[in-house]
Amino acid sequence: MKEIELSLDSIDKVKNFVSITAKFDAEIDLVSGRYVIDAKSIMGIFSIDLSKPVRLRIHEGRENVEDIINALGSI
């Protein structure tokens, strides 16, 4: 499992983020305080406090974690 900090402080960033994460089969979560949500769920993302950075948690799977992080680099 790999974790990085990420800022999703605009609607466009959230839409781009969900679009990118949906392309991967890996389990990807967002952690905000004590809440853990599916990073592929746009409704879930909008239910957390996005005024602060969130933790992106990528679980090991068939995809290379670094490929996912590189794809998200444009956000």
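Keep in mind that this is a model prediction, so the values were computed, not measured.
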What's the separation between atom [atom1] in [X] and atom [atom2] in [Y], rounded to the nearest 0.5 Å?
X	Y	atom1	atom2	value
Ile68	Ile20	CD1	CD1	11.0 Å
Ile37	Ile42	CD1	CD1	10.5 Å
Thr21	Leu30	OG1	CG	8.0 Å
Leu8	Leu50	CG	CG	6.0 Å
Ile45	Ile11	CD1	CD1	12.5 Å
His59	Ile28	NE2	CD1	9.0 Å

Would you find a donor on one side and an acceptor on the other, under 3.5 Å apart, between the side chain of Ser10 and the backbone of Lys13?
->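 Yes, Ser10 side chain to Lys13 backbone: donor-acceptor pair under 3.5 Å.
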Donor-acceptor under 3.5 Å (Lys40 side chain, Phe24 main chain) =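 Yes; at least one donor-acceptor contact below 3.5 Å.
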With a sphere of 6.0 Å drawn around [atom1] of [X], does it hold more than 12 non-hydrogen atoms of other residues, nucleotides or ligands?
X	atom1	result
Ile69	CD1	yes
Glu27	CD	no
Phe46	CZ	yes

Are Ile4 and Val31 in one and the same hydrophobic cluster, where Ile, Leu, Val, Met, Phe, Trp and Tyr link if side-chain heavy atoms are under 4.5 Å apart?
->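 No.
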Are Met43 and Val54 connected in the hydrophobic side-chain network, where two residues link if heavy atoms are under 4.5 Å apart?
->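 Linked, Met43 and Val54 end up in one cluster.
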Nearest non-hydrogen partners of [X] and [Y], listed with the distance:
X	Y	answer
Asp29	Asp38	OD1-CA, 4.1 Å
Ser51	Asp49	OG-OD1, 2.6 Å
Ala39	Leu56	CB-CD1, 4.5 Å

